[in-house]
Amino acid sequence: AQSVAQPEDQVNVAEGNPLTVKCTYSVSGNPYLFWYVQYPNRGLQFLLKYITGDNLVKGSYGFEAEFNKSQTSFHLKKPSALVSDSALYFCAVRDMNSGGYQKVTFGTGTKLQVIP
Amino acid sequence: GAGVSQSPRYKVAKRGQDVALRCDPISGHVSLFWYQQALGQGPEFLTYFQNEAQLDKSGLPSDRFFAERPEGSVSTLKIQRTQQEDSAVYLCASSSVPTGGWEEQYFGPGTRLTVT
């Protein structure tokens, strides 16, 4: 079975400061890892993904995430937060060895609030 | 189309009524997914289609839930005899990749179902 944990329901950060949204995962094999963002009354938007290779993944809107296999983590980061980054962020995982189609498991989400 | 569209955006149903939720995926996308997102939770997988074939319906919570994609494009999620616990946002997503799991999914805005 696969699972994702986002330990923080909400993260508050001042505009211009670096931000981190935490995610840990559990899979039996190797993971595909994703971050999505959800703005109010809108569907989830893809930010970035880790498949293989470089542990530091860069994505949309200046976000990046670091895959750490030993800590089974995939934390989302941004060097300088913008007020417009305020949204709900979801981490997701799929076990690379889970079979022939794309069933993914999402975390419960972390609300990011960037304070002007 | 430019993105995944869903209709209606909002639906209020009285307990016991049947509802039908529609999803128009991105043109040419092979894979289509339905998710249920309860308030304050992440999306929960319901079912997956590859073209017109429903390859995984393990997430459907009961036999009151039924999904179809007869021509491999538009999909309908039907809920019979709605119950209050069915109240949630129903998300549709599509992907260009039939299998593999590494491809990101493109989400629609969702249908918010409220059962009274």
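Letters A, B, ... are given to chains in the order of the sequence lines, protein chains preceding strands, and every chain is numbered from 1.
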Q | CA sep, side-chain torsions, deciding dist, call: A:Phe67, A:Tyr50, ring pair (Phe, Tyr, Trp, His ring centres under 6.0 Å) | A | CA-CA 7 Å; A:Phe67 172 63; A:Tyr50 171 81; 4.1 Å; yes
Q. What part of B:Gln37 lies closer than 4.5 angstrom to a heavy atom of chain A: side chain, backbone, both or neither?
A. side chain
Q: For chain B, find which of A:Val4, A:Thr105, A:Leu44 contributes the most heavy-atom pairs closer than 4.5 angstrom.
A: A:Leu44
**Q.** Verdict with reasoning, A:Phe46 to B:Phe107, per ring pair (Phe, Tyr, Trp, His ring centres under 6.0 Å)
**A.** CA-CA 9 Å; A:Phe46 170 76; B:Phe107 283 81; over 10 Å; no
Q: Examine A:Lys78 relative to A:Phe63 and say whether NZ or CZ is less than 6.0 Å from the centre of the six-membered ring and inside a 45° cone about the ring axis.
A: yes
Q) Do we see a donor-acceptor contact under 3.5 Å between the side chains of B:Glu68 and B:Thr76? A) no
Q) Among A:Lys111, A:Gln45, A:Lys49, A:Gln6, who wins on heavy-atom pairs under 4.5 Å with chain B? A) A:Lys49
